[in-house]
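Presented below is the structure to which this report refers.
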Amino acid sequence: MRILPNRLVRPTALLLTFICASVCVFAQTTANDAAVLAGFEKKIDGGNLAEVEKDLFNFVIANPKNAKGFAILGKLRLKQARVNEAKALLTKALSLDPTLLAAKLSLATAHYRLNEFEAARAVLVAIADSEITDASARFSIARTLALVGDCPAALNASEKLPVKVRNGEALPFRAGCYLQTGNRQKFEALLPSARALAKQNPAVAVEFAEVLGERELHKESADLLRLVIAAAPKNAKALLLLARSEIALKDLAGAKSRLAAAEKIDPKSPDLLFVSALIEAEGGNNEAAIEALERFLSGDPKNRRALAQYVRVTIRAHQGGKAFRAAERLLDLQPDDLESLYLYGIAALESNNTQKAESSLKRFLEARPNDALGCLAFGMTLAAQPDRLDEARRQMENCLVVNPNNFEAAYQLGLSYKVEGNTSKAAEFFEQTVRIAPNYPLALRDLGAIYLQTGEEKKARPILEKAVSLNPDDPDTHFQLSRLYNLIGERELGRKHLEIFQKLKSPKKDGM
């Protein structure tokens, strides 16, 4: 469910004051009123928002004690993404009629879209079972409970749905909840039903595949989406989701072909920009990815997935200011989300705000004490403060205890000793790094440089030559090779690598 930007046409408080102060008062809902409201709701459900808006608004003004009128106007405002107005109208509806189930369901949705998850959950769990008169309402309750993170309640509610609904429209959120609660066996039991839906109900199968992608089950997601596309080749959403899974599976050629196919079907889809940004980022084209994400976010500034990706790409591009501002917006949207805390921490570190980085990453590690990336980021935050180098080393050593394969922690330890001139300790940790990650070019380069510094040219040569083959665009590797070849008398090779070093280090001209 996408969070859309609010377009405030008039202040909500003024709207309600105007309605409640109206001189046209009708205390009772007549049969005719009920028919009129049913007609309004039918048009809203059919997407005819502009057609119904004026007449519905006038009806509510003329009937300020009609709870259902307020509820339907609130529903219209939700459809228009005027969520704060919707919330106020729905609250008014429930003050007039506390038993109005439709208003409760819409109010929970409004809270959800405003990221007021606990408020949404409170509305839903307060609904008595006796109030739920049809499967549609129960489905809405169960799905919204899943969206706000109360999976036990969502799964309990889904068990009371008809079998056709439970194994149809409810399948995606049931899958997400089983994965969230760690019940892999029950999740896998849903897969045959999901595959059957690829032909029977492609829209639900696509939603199921989206859940898989969000849980990083990209192979399973791609397999299901291929079945959907075979049955419905013009399903643009399926093509774009498949492109995203193929990006994660390192199939950029496949992702590009899916993107091109989707663009022919739905050239105005904003998701084209998001998928294009993912492709550019995976290909190392950070500037193009940033441009695409900025265009996407200009139309949907509260899209959490796009904001998170923007933070990652701007950090990779060393644009710390942009990364930090985006991370602040992301954390404002979901202040208790662990991924947002982590991204805020590393964005703060990239922008040299070590105090905020330390605070955020400490909170993250309290929730996930064994997280390898969080452990590393916290260690690097300490290392960025010169008077806390010993603390930083203890943190990095702890990272290696938590995960002995954390090669980046070993590498950072090597760097901390290298800058102090402690070549034996630096070599020890660089050697440990390349044992864990034999193809890590930066560790190979720095280990080769240490070998040169200690007069071990024979050991340095294969290390540095491997480093340059893995990362030919790193100027410092060419510089170390130039030193090596000059030291062992191969001056032509030394000159060649010095020239490459100078070319890579020289500032690029505009347009280059």
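In this structure, a donor-acceptor pair under 3.5 Å is present between the side chains of Y310 and E294. Side-chain atoms of N303 and D300 include a donor-acceptor pair closer than 3.5 Å. Looking only at atom types and distance, the side chain of N167 has a donor-acceptor partner in the side chain of R174 under 3.5 Å away.
Residues P335 and R363 come closest through the heavy atom pair O-NH2, 3.4 Å. The heavy-atom pair separating L224 from A198 by the smallest distance is CD1-CB, 4.4 Å. The shortest non-hydrogen separation linking A357 to G345 is CB-O, 3.3 Å. Shown here for E280 and A289, the closest heavy-atom pair between the two residues is CB-N, 3.8 Å. In this structure, A142 and A157 approach most closely via the heavy-atom pair CB-CB, 3.7 Å. The two residues V125 and L145 come nearest to each other via the heavy atoms CG1-CD2, 4.1 Å.
Taking CG of L400 as the start and CD of Q395 as the end, the distance is 10.5 Å to the nearest 0.5 Å. Atom SG of C399 is separated from atom CG of N403 by 9.0 Å, given to the nearest 0.5 angstrom. Here the SG atom belonging to C177 is positioned 12.0 Å from the NZ atom belonging to K186, to the nearest 0.5 angstrom. Separation of atoms CG (L107) and CG (L100) is listed at 11.0 Å; rounding is to 0.5 Å. Atom-to-atom distance recorded for Q180:CD and R215:CZ is 6.0 Å, nearest 0.5 angstrom. Expressed to the nearest 0.5 Å, how far CG of L272 lies from CD1 of I265 amounts to 10.0 Å.
A salt bridge links E53 with R82: the distance from a Lys NZ or Arg NE/NH1/NH2 to an Asp or Glu carboxylate oxygen falls below 4.0 Å. Under a 4.0 Å N-O distance rule, the pair R121/E118 qualifies as a salt bridge. The pair R304-D337 does not meet the salt-bridge criterion, since no charged nitrogen lies less than 4.0 angstrom from a carboxylate oxygen. Using a 4.0 Å cut-off between a side-chain N of Lys or Arg and a carboxylate O of Asp or Glu, E169 and R143 do not qualify as a salt bridge. A salt bridge is defined here as a Lys NZ or Arg NE, NH1 or NH2 lying under 4.0 Å from an Asp or Glu carboxylate O, and K75 with D45 meets this definition. Between K256 and E246, no side-chain nitrogen of the basic residue sits less than 4.0 Å from a carboxylate oxygen of the acidic one, so the salt-bridge criterion is not met.
F59 has its side chain within reach of N66: a pair of non-hydrogen atoms, C-beta onward, lies under 4.5 Å apart. Using a 4.5 Å heavy-atom cutoff, the side chains of R77 and V83 are not in contact. Counting heavy atoms from C-beta outward, L90 and L94 have side chains that stay 4.5 Å or more apart.
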Steps toward side chain to side chain contact (heavy atoms under 4.5 Å, CB included) verdict (L147, F117): CA-CA 8 Å; L147 287 171; F117 299 143; over 6 Å; no
Steps toward side chain to side chain contact (heavy atoms under 4.5 Å, CB included) verdict (I346, L343): CA-CA 5 Å; I346 60 174; L343 289 173; 4.1 Å; yes
Stepwise side chain to side chain contact (heavy atoms under 4.5 Å, CB included) check, L341 with L338: CA-CA 5 Å; L341 272 174; L338 291 180; 4.1 Å; yes
Trace of the side chain to side chain contact (heavy atoms under 4.5 Å, CB included) decision for N406 with I436: CA-CA 8 Å; N406 192 334; I436 302 168; over 6 Å; no
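Below 30°, between 30° and 60°, or above 60°: for F324 and Y344 the angle between ring planes is between 30° and 60°, a tilted geometry.
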